[in-house]
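Report on one structure; see the data block that follows.
For the single chain, residues carry numbers from 1 onward in sequence order.
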Amino acid sequence: MVPPNAFLLPPTEGWAGALDGAQREALNGAFTALSREGDTAAALAAADALLAQTPDYPPALLLAAQAELVRNAPAEARKLLESWVGGLPSYRAARLLWARVLELGGDAAGAHAEYRQLAGDLPIASERARATREPAVAAAQAALASALAAGRIDQARSWADRIAEWESPDSTVALDARLAVARAAGDEQTELEALRGLHDRGRSDRELLERLAALELEHGDADQALHLLEGLVADAPEDEALRSQLAAAQLRFRLRLLPENVQKLAARPELSRGDYAALLYWVVPGVRLQPQGGSARIASDVIDHRWQQEIIRVVNRGLMRVDAEMHRFEPDRPITRTEALRGALEVAAGRPGGDCARGVAASPSPGATLLCDAATRCGILADAAECLPQARLSGGEALEILGRALSLQKTE
């Protein structure tokens with residue numbers, strides 16, 4: 001147990017305010033009796049006399065608080081300090097006592113912050129800063145979690161900054177804190193940086209690697225994203241979800257090598273039928289090699305359309321249809337999810353594991369229920385509830401659907 005007088009400095013230490021000769025003599029005399037002999041009565045009497053002359057005089061309040069600490073009453077000492085000590089950051093004697101009062105009161109984070117400020121000049125502060133670091137970080141983690149639960153993002157970010165300062169910015173605990181705040185704030189760039197740091201420090205659980213790969217693909221290094229997913233698939237080759245993610249990642253990677261107007265399709269919140277035809281044309285292997293035929297020329301509404309060539313090739317390949325009666329493709333109409341699923345099932349039917357799709361693909365006019373069931377059976381949808389037949393489709397969703405269709409493999 002560290003003795004109380006280890007935290008006592010003369011009340012004049014660091015005091016920058018007014019101090020006449022009589023006040024100095026009274027403070028020093030009472031402090032000497034307190035620190036050397038434990039004379040709390042003399043210290044309290046001197047403090048009372050000074051306060052009678054100058055109410056709320058900080059050095060006198062500090063002397064009284066020091067006496068309360070010596071007689072093992074830290075709560076009383078806190079009452080004497082808390083209203084003013086925060087406004088006097090250079091008053092070292094007060095700050096040291098305040099740090100000890102916080103420590104004894106169970107505020108490890110507050111105490112550690114104070115000790116750190118004094119550690120360069122005072123050995124006892126340096127010693128206590130080391131002793132309080134671990135409980136302070138634990139308290140900061142709990143405070144961060146509480147702030148996030150209450151939706152106080154700025155407060156949580158402040159705690160994360162303290163953890164980084166008290167540990168180190170690249171420590172696991174600091175990176176975990178930064179990651180939690182970034183996720184709560186929807187800050188994907190900061191989340192990516194934190195995940196990179198954790199991965200560099202040896203974290204390799206599947207959840208982390210999957211999320212890191214997704215963010216690398218979206219905001220960072222596409223090569224690294226593919227490398228991560230390829231490693232995950234190599235470790236779990238039978239995992240259909242992972243194979244689907246890899247296929248979708250490969251599509252996104254391939255998209256980055258394509259013309260800019262095609263790349264932009266991935267970010268669109270809603271695709272048209274022409275947009276979806278363009279994705280099929282550019283990302284499904286072999287479609288661009290399909291010779292041009294005449295069937296799509298009947299669709300008069302694709303002539304001179306920005307996706308004319310893509311639509312013609314996709315229709316000739318049988319991946320999308322022209323209305324048989326009206327002879328129109330409707331390239332600018334928003335595509336529904338069932339229309340997109342039908343195209344994905346056509347793609348799946350040509351894969352090694354596409355038996356689940358071949359019957360549906362051969363049907364001239366499959367209904368929504370049949371399409372949804374087949375897409376679920378093939379793993380293009382995780383669940384039939386995801387089908388939402390008439391819902392619109394974003395570029396990202398289209399790539400996921402096509403990625404899963406392309407990932408189908410023959411199973412023994």
Side-chain angles (χ1 to χ4, degrees), residues 188-189 192 213-226 229 244-323 327-348 350 380 390-407:
E188 292 190 341
Q189 189 60 53
L192 171 59
L215 291 175
E216 288 285 14
L217 196 66
E218 192 70 26
H219 303 292
D221 185 341
D223 283 333
Q224 175 68 356
L226 287 177
L229 285 169
S244 295
Q245 289 179 57
L246 176 58
Q250 289 168 332
L251 287 187
R252 282 184 174 270
F253 181 78
R254 193 178 306 155
L255 207 62
R256 293 186 174 210
L257 306 177
L258 298 178
E260 185 178 356
N261 63 334
V262 180
Q263 292 182 41
K264 289 180 177 179
L265 293 176
R268 287 201 177 173
E270 182 177 288
L271 295 183
S272 68
R273 281 173 50 82
D275 293 336
Y276 189 66
L279 279 180
L280 288 168
Y281 173 89
W282 286 100
V283 305
V284 176
V287 175
R288 276 183 284 172
L289 302 178
Q290 176 76 18
Q292 287 197 115
S295 62
R297 295 181 185 278
I298 302 172
S300 59
D301 57 353
V302 306
I303 303 301
D304 296 327
H305 192 273
R306 65 184 183 281
W307 299 125
Q308 175 183 321
Q309 174 180 275
E310 288 84 353
I311 294 168
I312 290 173
R313 293 286 180 87
V314 164
V315 170
N316 284 345
R317 184 68 181 265
L319 301 181
M320 295 185 75
R321 304 287 196 277
V322 171
D323 185 277
H327 308 296
R328 297 176 66 81
F329 182 79
E330 297 183 280
D332 296 319
R333 174 171 63 78
I335 192 166
T336 65
R337 286 177 67 86
T338 45
E339 289 175 317
L341 287 172
R342 183 172 183 178
L345 287 165
E346 295 281 0
V347 171
I380 294 172
Q390 297 306 310
R392 307 295 171 83
L393 190 76
S394 70
E397 290 170 330
L399 287 175
E400 288 181 14
I401 286 172
L402 292 176
R404 291 170 184 166
L406 288 168
S407 71

Test side chain to side chain contact (heavy atoms under 4.5 Å, CB included) applied to Arg328 and Arg333, step by step: CA-CA 11 Å; Arg328 297 176 66 81; Arg333 174 171 63 78; over 6 Å; no
Verdict with reasoning, Asp275 to Lys264, per salt bridge (Lys or Arg N to Asp or Glu O under 4.0 Å): CA-CA 10 Å; Asp275 293 336; Lys264 289 180 177 179; over 6 Å; no
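- Atom OH of residue Tyr281 and atom CZ of residue Arg288 lie 6.0 Å apart, to the nearest 0.5 angstrom.
- Nearest heavy atoms, Pro331 versus Ser272: O-OG, 3.1 Å.
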Criterion side chain to side chain contact (heavy atoms under 4.5 Å, CB included) on Arg317 and Arg313, from CA distance to verdict: CA-CA 6 Å; Arg317 184 68 181 265; Arg313 293 286 180 87; over 6 Å; no
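- Annotation: side chain of Leu341 is not in contact with side chain of Thr336 (no heavy-atom distance under 4.5 Å).
- Here the straight-line distance linking atom CD1 of Ile311 with atom CZ of Arg273 works out to 8.5 Å at 0.5 Å rounding.
- Scanning both residues, Ala405 and Ala344, for their nearest heavy atoms gives CB-O, 3.4 Å.
- Closest heavy-atom contact between Val287 and Leu280: CG2-O, 3.7 Å.
- Between Ala225 and Glu216, the shortest heavy-atom distance links the atoms CB-CB, 3.8 Å.
- A distance-only check finds a donor-acceptor pair linking the side chain of Gln263 to the backbone of Leu258 [under 3.5 Å].
- Taking the side chain as every heavy atom from C-beta outward, Leu279 and Trp307 never approach each other to under 4.5 Å.
- Between Met320 atom CE and Glu339 atom CD the span is 6.5 Å, to the nearest 0.5 Å.
- Contact annotation: the side chain of Val302 never approaches that of Val315 to less than 4.5 Å [non-hydrogen atoms, C-beta and beyond].
- The CD atom of Gln224 lies 10.0 Å from the CG atom of Leu229; values are rounded to the nearest 0.5 Å.
- Of all the heavy atoms in Ala398 and Leu393, the pair that sits closest is CB-CD2, 3.7 Å.
- Taking CD1 of Ile303 as the reference point, atom CD1 of Ile312 lies at 6.0 Å (rounded to 0.5 Å).
- Side chains of Tyr276 and Leu319 form no contact here, defined as non-hydrogen atoms less than 4.5 Å apart.
- You'll find the side chain of Phe329 stays beyond 4.5 Å of the side chain of Val314, heavy atoms only.
- For the atom pair CD (Glu397) and CD (Glu270), the distance works out to 10.5 Å, reported to the nearest 0.5 Å.
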